[in-house]
Peer 1: 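Provided herewith is a single structure, encoded as structure tokens, for subsequent inquiry.
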Amino acid sequence: MRQILVAGNWKLNGSRDSIEQLISGIVAGADKTGSTQIAVCPPFVYIPQVAERLAGSKVAWGSQDVSDQDSGAFTGEVSAPMLNEFNCTYAIVGHSERRSLYAEDDAFTARKFAAARKAGLIPILCVGETLEEREQGVTESVVARQLDAVINLEGVEALNDAVIAYEPVWAIGTGKTATPQQAQDMHAFIRGTLAGLNAGVADKVQILYGGSVKGANAAELFAMADIDGGLIGGASLDASEFLTICSAGA
Ligand code: PEP
């Protein structure tokens with residue numbers, strides 16, 4: 001039985017004060033979210049603050065990105081071993097904003113995935129199609145290609161220690177959510193693809209849905225057979241909305 005995981009991606013938002021308030025609100029309600037696993041991914045510089053506040057709580061934390069390198073002359077990068085020093089559990093890799101705004105391709109994303117795993121972090125591998133790709137009818141081949149890049153580099157067993165987030169790009173930050181059935185169809189496609197390679201991995205891996213999830217639509221999404229929680233952007237910046245989403249999985 002897979003547990004529901006709800007992970008907040010705060011993106012480029014927050015300040016010391018606003019994060020203090022957000023974390024206080026989340027911690028105050030986290031124990032009332034049943035068996036749902038919860039994580040938050042702040043901007044890098046706020047990870048120490050979040051780590052200090054969340055230590056000992058049920059809420060885990062992670063990064064929104066990670067370098068494919070461990071150390072060296074890579075200005076501006078933050079490595080997986082560094083994130084480990086701040087007890088991060090998760091590292092998001094291949095978010096569509098990294099792919100589209102910073103031209104990060106499948107091969108680069110796969111190397112980030114590998115670097116995170118090597119350091120003991122759990123990568124949250126984001127996959128998903130653009131609106132144009134959906135309209136062209138290539139949604140499944142795009143997602144299969146994104147998964148293959150990781151599987152070819154690391155082997156399918158690597159997904160035993162990873163989370164997948166299916167995030168249709170057209171649903172991110174747009175207010176347009178995939179219908180529960182649209183999301184379920186793609187989650188079933190992902191799990192079926194993995195099952196063709198390793199049934200145990202397919203059965204175990206948590207596949208999150210991301211794209212305009214809110215308190216009002218989380219329960220019907222999380223009730224679908226192959227949806228194991230959500231990666232939440234905008235709605236994770238409001239403690240009470242985020243906790244409502246967490247409770248939807250309980
Ligand atoms: C995201 O950034 O991963 C995301 C799903 O954003 P939003 O919930 O705002 O659509």
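Both counts, for ligands and for their atoms, begin at 1 and track the order of listing. Worth knowing before you read on, the calculation uses all heavy atoms, side chains too, and leaves out hydrogens, waters and symmetry mates.
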Peer 1: So for ligand 1, is Thr174 a polar contact partner (N or O within less than 3.5 Å, distance only)?
Peer 2: no

Peer 1: Could you walk me through whether Glu129 and Glu140 satisfy the side chain to side chain contact (heavy atoms under 4.5 Å, CB included) test, starting with their C-alpha distance in whole Å, then the side-chain angles of each, then the deciding distance to 0.1 Å, before giving a yes or no?
Peer 2: CA-CA 8 Å; Glu129 80 288 0; Glu140 291 188 353; over 6 Å; no

Peer 1: Between Gln69 (side chain only) and Ser79 (backbone N and O only), is there a donor and an acceptor less than 3.5 Å apart?
Peer 2: no

Peer 1: Any nitrogen or oxygen of Ile172 lying under 3.5 Å from a nitrogen or oxygen in ligand 1? Just yes or no.
Peer 2: no

Peer 1: Pick one: which of Asp203, Asp228, Asp185 meets salt bridge (charged side-chain N to carboxylate O under 4.0 Å, His left out) with Arg191?
Peer 2: Asp228

Peer 1: Hey, which atoms in ligand 1 end up nearer than 4.0 Å to a heavy atom of Gly173?
Peer 2: 7 (P), 9 (O), 10 (O)

Peer 1: Which residue and atom name correspond to the protein heavy atom nearest atom 8 (O) of ligand 1, and how close is it?
Peer 2: Gly233 N, 2.9 Å

Peer 1: Mark yes or no for whether Gln49, through its side chain, and Tyr46, through its backbone, hold a donor-acceptor pair below 3.5 Å.
Peer 2: no

Peer 1: Name the closest protein heavy atom to atom 1 (C) of ligand 1, giving the residue it belongs to and the distance to 0.1 Å.
Peer 2: His95 NE2, 3.2 Å

Peer 1: Pull out every atom of ligand 1 sitting under 4.0 Å from any heavy atom of Gly234, numbered as shown with elements.
Peer 2: 7 (P), 8 (O), 9 (O)

Peer 1: Do Asp226 and Tyr166 have side chains that get closer than 4.5 Å, going by heavy atoms?
Peer 2: no

Peer 1: Check each atom of ligand 1 against the heavy atoms of Gly211 and keep those under 4.0 Å away; list them by number with element.
Peer 2: 5 (C), 10 (O)

Peer 1: At less than 4.0 angstrom from any non-hydrogen atom of Leu231, what atoms of ligand 1 do you find?
Peer 2: 3 (O), 5 (C)

Peer 1: Could you tell me which atoms of ligand 1, counted from 1 in the order shown, lie closer than 4.0 angstrom to a heavy atom of Glu167?
Peer 2: 1 (C), 3 (O), 4 (C), 5 (C)

Peer 1: Would you say Lys32's side chain and Ser247's backbone share a donor-acceptor pair under 3.5 angstrom?
Peer 2: no

Peer 1: Any atom of ligand 1 sitting under 4.0 Å from a heavy atom of Ser212?
Peer 2: yes

Peer 1: Would you find a donor on one side and an acceptor on the other, under 3.5 Å apart, between the side chain of Arg99 and the backbone of Cys126?
Peer 2: yes

Peer 1: Below the 3.5 angstrom mark, is there an N/O of Lys11, backbone or side chain, next to an N/O of ligand 1?
Peer 2: yes

Peer 1: Is there a donor-acceptor contact under 3.5 Å from the side chain of Asp65 to the main chain of Lys112?
Peer 2: no

Peer 1: Taking 4.0 Å as the limit for heavy-atom contacts, which would you say applies to Ala171 with ligand 1: side chain only, backbone only, both, or neither?
Peer 2: backbone

